[in-house]
Amino acid sequence: MSDVRVSDVASPKRTKEIIQKHGFTLKKSLGQNFLTDANILHNIASAAKLDSSKGALEIGPGIGALTQQLAKAAGKVVAVEIDARLLPILEETLQPYPHASVVHGDVLKLDLRKLWHDHFTGCSKVSVVANLPYYVTTPIIMKLLEEKLPLEHIVVMIQREVADRMSAKPGGKEYGSLSIAVQYYAEPDIVAIVPPSVFIPQPNVDSAVIRLKLRETPPVRVEDESFFFEVVQACFAQRRKTISNNLLAGLFGKAEKPAMEAILAECGIEASRRGETLSIAEYASLANAIWLYRKQQRQ
C-alpha cells in the first residue's frame with residue numbers, strides 16, 4: 001500500500017511534501033492551484049450526490065486530493081489530467097483506490113462519448129466533479145453541456161465572478177449570454193464561496209463551488225438551437241446598445257429595420273430594451289420569430 005495517508009493529502013503540509021518529494025513545480029500556464037482544505041473537498045464531493053452505483057469524471061485532478069474524496073463516494077472515478085508530470089504523483093496518491101483511474105489528455109480534445117463507453121457503462125448516473133483551471137472554465141463547461149452527455153450534475157470550483165454570471169437572473173450586470181447558455185441546459189446553484197487562502201498557490205480572486213443540475217429538457221422550445229444562441233450573442237454584442245441596435249448590427253440590414261421592428265412588436269419586446277433585461281423565454285420567442293421570418297424569406 002501507499003504511504004500516503006488519505007486524510008492528509010489535502011492539507012497544506014502534505015501537499016507541499018508531495019510536491020517536494022516529486023520535484024514538481026506548478027505551471028501558471030496550466031492554471032494549477034491545488035486545494036488544501038479537506039472540508040471543502042468533502043463538500044464538493046457531497047454536492048454531487050454520489051453513491052456506489054454512480055460514476056464521477058474529474059478534470060484536472062492535480063495531486064489527487066479531490067479524486068480521493070470522489071473515490072470514497074463513487075463506484076467509479078476517472079480523472080483527466082493534461083500534465084504528464086502529475087501522472088506518477090497520481091499513481092501514488094490513488095494507489096488505495098483501484099476503481100479510480102487516470103486518463104492523460106486534454107479534455108477539450110478528448111472524445112468524451114468514447115470515454116463514457118469505455119469507463120462508465122456500468123454506472124447508473126455520472127457527474128463531473130472538478131476544481132477547474134480558471135483560464136478554460138467556460139470552454140470546458142460549454143463542451144460538457146453542448147455535447148449533451150448523460151450527466152446528472154456538474155459540480156465545479158470556478159472563479160466566483162464566473163459562477164455569478166452562470167447563475168445570474170435577468171436585470172443585473174452579471175446576466176449575459178453565458179447565463180442563458182448555462183441555464184438553457186442546466187439549473188445552477190452556488191453551493192459555497194471559497195477564499196484564496198485554501199489554495200497553493202493562492203489565486204488573486206475568490207472562488208465558488210457551483211452545481212449544475214442537468215435538465216432533461218430545455219426550459220424553452222426553440223426552432224433551432226444554434227440560431228437561438230446566435231440571437232442571444234447578437235443581443236449582447238454591445239451591452240450599452242439597445243436590442244434593436246444590436247439586432248440591426250448583427251442580424252438585420254438597415255433595409256430590414258421595419259421587419260425587425262415588427263418582429264419585436266409581435267414578441268411584445270420594446271425596441272429600447274437592453275439585452276440584460278430579457279428572460280430566456282423572451283429570447284426563445286424572439287429567436288423563433290426571426291427564424292420563421294428568415295424561413296419565409298427563403299421560400
Side-chain angles (χ1 to χ4, degrees), residues 10 28 30-50 56-62 65-67 69-70 80 107-108 126-147 149 151-215 218-219 229 232-233 236 239 275-280 283:
K28 195 172 183 180
L30 293 176
Q32 289 173 333
N33 298 89
F34 295 161
L35 193 50
T36 62
D37 187 301
N39 288 328
I40 293 172
L41 288 162
H42 175 73
N43 291 339
I44 295 172
S46 296
K49 301 179 180 178
L50 300 167
L57 172 64
E58 186 184 8
I59 298 161
L66 177 58
T67 326
Q69 294 289 338
L70 298 176
V80 177
V107 73
L108 291 173
V126 180
S127 291
V128 170
V129 193
N131 173 22
L132 289 180
Y134 291 171
Y135 75 104
V136 285
T137 292
T138 301
I140 290 173
I141 289 178
M142 291 315 301
K143 175 181 169 114
L144 294 169
L145 294 173
E146 288 169 355
E147 292 198 7
L149 298 162
L151 282 166
E152 182 178 18
H153 297 107
I154 298 173
V155 179
V156 285
M157 173 89 74
I158 59 177
Q159 192 172 328
R160 181 178 181 177
E161 179 191 343
V162 179
D164 288 340
R165 286 165 52 204
M166 288 182 177
S167 57
K169 301 300 180 191
K173 61 183 172 68
E174 292 87 6
Y175 183 74
S177 55
L178 180 62
S179 318
I180 294 165
V182 168
Q183 291 170 37
Y184 180 83
Y185 294 110
E187 298 173 62
D189 172 30
I190 294 180
V191 176
I193 305 301
V194 182
S197 57
V198 298
F199 294 91
I200 293 178
Q202 293 188 17
N204 298 320
V205 295
D206 281 347
S207 304
V209 179
I210 191 168
R211 174 174 55 209
L212 307 177
K213 183 181 179 184
L214 277 289
R215 298 182 189 271
F229 290 119
V232 171
Q233 291 282 356
F236 282 102
R239 291 185 70 99
E276 67 266 21
T277 70
L278 271 68
S279 68
I280 191 168
Y283 273 112

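- Proximity of Leu212 to Leu144: side-chain heavy atoms (C-beta onward) are nowhere separated by under 4.5 Å.
- Within the 4.5 Å cutoff, the side chain of Val128 has heavy atoms near those of the Ile59 side chain.
- What you find for Gly275 and Tyr283 is that their closest heavy atoms are O-OH, 2.7 Å.
- Val136 is linked by a side chain to side chain contact (heavy atoms under 4.5 Å, CB included) to Leu108, Pro133, Ile140, counting only residues two or more places apart in sequence or in another chain.
- Expressed to the nearest 0.5 Å, how far CD1 of Ile154 lies from CG of Leu145 amounts to 4.5 Å.
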>> Show, in sequence, the C-alpha distance, side-chain angles and deciding distance for Ile280 and Val232, and conclude whether the side chain to side chain contact (heavy atoms under 4.5 Å, CB included) test is met.
In response: CA-CA 9 Å; Ile280 191 168; Val232 171; over 6 Å; no
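- Contact record, Met142 with Ala181: CE-CB, 3.7 Å, taken as the closest heavy-atom pair.
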> Should Thr137 and Gln159 be marked as a side chain to side chain contact (heavy atoms under 4.5 Å, CB included) after you check the CA-CA gap, both sets of side-chain angles, and the distance that decides it?
Replying inline: CA-CA 8 Å; Thr137 292; Gln159 192 172 328; 6.0 Å; no
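- Residues Val155 and Arg211 form a side-chain contact, since some pair of their non-hydrogen atoms from C-beta on lies under 4.5 Å apart.
- Other residues, nucleotides and ligands place no more than 12 heavy atoms under 6.0 Å from the NZ atom of Lys213.
- For the pair Ala163 and Ala208, the tightest heavy-atom approach, listed with the atom from each and the gap, is CB-CB, 3.7 Å.
- Tyr185 places a side-chain heavy atom less than 4.5 Å from the side chain of Glu146.
- In this view, Asp206 satisfies the side-chain hydrogen bond (donor to acceptor under 3.5 Å, both in side chains) rule with no residue, not counting sequence neighbours.
- Atom NE2 in His153 sits 9.5 Å away from atom CG in Asp189 (nearest 0.5 Å).
- For Ala45, the side chain to side chain contact (heavy atoms under 4.5 Å, CB included) partners at least two apart in sequence or on another chain are Gln69, Leu70.
- Counting only distance, with no hydrogens or angles, the side chain of Asn33 and the backbone of Pro201 share a donor-acceptor pair below 3.5 Å.
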>> Run Val162 and Leu178 through side chain to side chain contact (heavy atoms under 4.5 Å, CB included) and show every step you take.
In response: CA-CA 9 Å; Val162 179; Leu178 180 62; 4.1 Å; yes
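- Proximity of Met157 to Leu66: side-chain heavy atoms (C-beta onward) are nowhere separated by under 4.5 Å.
- Shortest non-hydrogen contact noted between Val126 and Ala56 is CG1-N, 4.5 Å.
- In terms of the salt bridge (charged side-chain N to carboxylate O under 4.0 Å, His left out) criterion, residue partners of Glu152 (sequence neighbours excluded) are, by chain and number, Lys54, Lys125.
- Ser179 places no side-chain N or O within donor-acceptor distance of the main-chain N or O of Ser167, the cut-off being under 3.5 Å.
- With rounding to the nearest 0.5 Å, the separation of CG in Leu35 from CG in Asn131 is 5.5 Å.
- Using a distance-only test at 3.5 Å, with no hydrogens or angles considered, no donor-acceptor pair links the side chain of Arg239 to the main chain of Glu276.
- The CE atom of Met166 sits 13.5 Å away from the CD atom of Glu174 when rounded to the nearest 0.5 Å.
- Legend: residues meeting side-chain hydrogen bond (donor to acceptor under 3.5 Å, both in side chains) with Ser207, ordered by chain and number and at least two apart, are Tyr134.
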>> Assess the residue pair Ile44 and Val156 against the criterion (side chain to side chain contact (heavy atoms under 4.5 Å, CB included)); give the C-alpha distance rounded to whole Å, side-chain angles, the decisive distance to 0.1 Å, and a yes or no.
In response: CA-CA 8 Å; Ile44 295 172; Val156 285; over 6 Å; no
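- If you take OG1 on Thr36 and CD1 on Ile200, they are separated by 5.0 Å, rounding to the nearest 0.5 Å.
- Partners of Tyr175 according to the ring-ring contact (aromatic ring centres under 6.0 Å, His included) rule, which considers only residues two or more places apart in sequence or in another chain, do not exist here.
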